[in-house]
Amino acid sequence: MMKTKRLLTTMALAVGMTLQAQTHEFVIQTKKVGAEIQPTMYGLFFEDINYAADGGLYAELVKNRSFEFPQHLMGWKSFGKVTVKDDGPFERNPHYVRLAYAGHPHKQTGLDNEGFFGIGVSRDAEYRFSVWARIPDGKEAGKIRVELVDTKSMGEQQAFATATLDIDSKEWKKYQVVLKSPVTNPKAVLRIFLASPQTVDLEHISLFPVDTWKGHENGLRKDLAQALADLKPGIFRFPGGCIVEGTDLATRYNWKNSVGPVENRPLNENRWQYTFAHRFYPDYYQSYGLGFYEFFQLSEEIGAEPLPVLSCGLACQFQNPNADAHVPVGQLQDYIQDALDLIEFANGDATTTWGKLRADMGHPAPFNLKFIGIGNEQWGSEYPEYLEPFVKAIREAYPDIKIVGSSGPDSEGKQFDYLWPEMKRLKADLVDEHFYRPESWFLSQGARYDGYDRKGPKVFAGEYACHGKGKKWNHFHASLLEAAFMTGLERNADIVHMATYAPLFAHVEGWQWRPDLIWYDNLRSVRSVSYYVQQLYGLYKGTHVLPLTMDKRAVTGAEGQDGLFASAVVDKDKNQYIVKVANTSDKAQSIQLTFDGMKKKAALTAGRCIKLASPDLDKDNSLDAPSAIVPQESALTVEAQGARVEIEPNTFAVYIFEL
Ligand code: AHR
């Protein structure tokens, strides 16, 4: 018995050693330079879900600043004599508050604002408080005192930063003052006291960090915008997602409401407030402070092509099976005009109506818009019917603009199979595909695009993320499978022109959907492993595809390929060959990379490897441990025209070779 056991162990060891020793040969054909990798290939999908805009990227710290939430004082605690009035200076945001003398020198009138899950302030940072105000009786000047307060403080003073403002005009006027915080507090409160016997009216009460992304006053949170820029995105899709469609047409994203002076941009309900009753956020609205101008500006600043997506006149079809929820197909003129006007807003010169608005907002030069999406996750025969008149009108007015259509919410199946030929018939330039799918799906899709019709529209993998079966949260394994799947996007760069992970942002106290690419609280943010996958693809996207095969087959995780996925590119600008490999198996793999077709005397001069790995497949980075799993770089020994590499189990590796 003992002997048999020893024999078996010896045999197992021998087999194990043979397995380990078995080397896979990847042949990269350097002479067969393939399709150009589009500059738009890897990018960003932005949607105001999970408090991505108000309470997230948009740096405004005051919630319900214009008192336009249906409960006009939601987010505020008022004390003393505060009344809400509705004949304010901004016709689309008419509400404001009137602060009157409390009636006794020891009593107080004023308001506290709770911010978004509190107001996050950092030590030594400055915050710009601004308010539109007036003294309604127009006689003596009034005064307000503005404080940043720690209501839980055990110190003598709750306030840790204070300033006063004299309100001296009967006419509405903007007043502002900068407060410097001596402390870090993620959950401060903004408190405003009436500090005079005179009545004062206040409207659009705002507090922004002075230090925003690129210093814009109506600006973005710097760490979050920087995280976007660090991805080196080629495309920036906004404003969603389902938010484009709305729960009903009234709540669709209306881009025209999101431009012009911020004080007069009307509030919109955020559909993610109630889309999931089990994650309900009654105070989730869209201030539109982060609107289309800001989206275009951000695209420009992070070097990405803007891709706005507009409503096609169909309200969310998941929530509206009834035809009367949608615009009747013959009455789409306003929606079509919205699309045409948007192109004018982005590209028209200052003599045009919408181009002038853009110029007045501070950007006289065009934004050079090249793409527009019409409709999000639409389906059924109605979608092509709705899309057709848009295509016709846009083609007529702007023949160079590329139109993105949709293949519906499913990654395959009846609707998908119906819509693709329809998109081809309508000559959409790109088709948006969505897949939030489990591990098995990602493992089986390495060759997804290999058989696509090369003459059809191009692919925009517009929303995707691996949603682990029973593990619907960010974790390493899901990110690894996304990396594996993306080798197939890269290999098919002739038809896949854009790919954007979704969703992008999530506040840890306000999420409705996960996994997400970047998480944050009021002061900190963390980049997920999926973020680093996206970043590695973005930074090392190369310029052209190179064929890579193992035993003459593409490496797609297929049967007999030991869980390996791979793709290769050349970067003609940097003179590099780049090979991406995902080892989705539980065993280490030895790979011989052979660069076939290099000139006889040519040789690789250096190599390095960047790896993403984690022994715990369920783990991800967190706010407390943001660098738990980050790319690790090491040097590689290169041969003249190849390299032998070892890739550990469950690892994504990018190999970069200098020529
Ligand atoms: O990304 C979250 C949602 O998923 C998007 O709003 C929608 O397009 C998709 O169903």
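This is a predicted model, so every value here is computed, not measured. Both counts, for ligands and for their atoms, begin at 1 and track the order of listing. Count residues from 1 along the sequence.
Residue-ligand proximity, Gly241 to ligand 1, at heavy-atom distances under 4.0 Å covers atoms 5 (C), 6 (O), 8 (O). Listed by atom number, the atoms of ligand 1 under 4.0 Å from Trp272 heavy atoms are 6 (O). The Trp513 neighbourhood of ligand 1 comprises atoms 2 (C), 3 (C), 4 (O), with distances under 4.0 Å to a heavy atom of that residue. Those atoms of ligand 1 that come under 4.0 Å of a heavy atom in Asn376, given as number and element, are 7 (C), 8 (O). Residue Glu377 approaches ligand 1 through these ligand atoms, each under 4.0 Å from one of its heavy atoms: 7 (C), 8 (O), 9 (C), 10 (O).
Counting protein heavy atoms only, atom 2 (C) of ligand 1 is closest to Tyr436 OH, 3.6 Å. For atom 6 (O) of ligand 1, the closest heavy atom belonging to the protein is Glu47 OE1, 2.5 Å. Protein heavy atom in closest approach to atom 8 (O) of ligand 1: Glu463 OE2, 2.7 Å.
Judged purely by distance below 3.5 Å, without hydrogens or angles, the side chains of Gln317 and Gln378 pair a donor atom with an acceptor atom.
Ion pair Asp494/Lys458 not flagged as a salt bridge, since none of the NZ, NE, NH1 or NH2 atoms sits closer than 4.0 Å to an Asp/Glu carboxylate oxygen. By the 4.0 Å N-to-carboxylate-O rule, Asp450 lies close enough to Arg491 to be salt-bridged with it. Taking 4.0 Å as the cut-off between side-chain N and carboxylate O, Arg524 and Asp223 do not count as a salt-bridged pair.
Considering backbone and side-chain N/O atoms, Cys242 comes within less than 3.5 Å of an N/O atom of ligand 1.
Side-chain contact between Leu298 and Leu57 is present, with heavy atoms from C-beta onward closer than 4.5 Å.
Heavy atoms of Pro503 approach ligand 1 to within less than 4.0 angstrom.
When all heavy atoms of Phe476 and Leu612 are compared, the pair lying nearest together is CZ-O, 3.6 Å.
For the ring pair (Phe, Tyr, Trp, His ring centres under 6.0 Å) with Phe238, the lone residue among Phe371, Phe292, Tyr253 that qualifies is Phe292.
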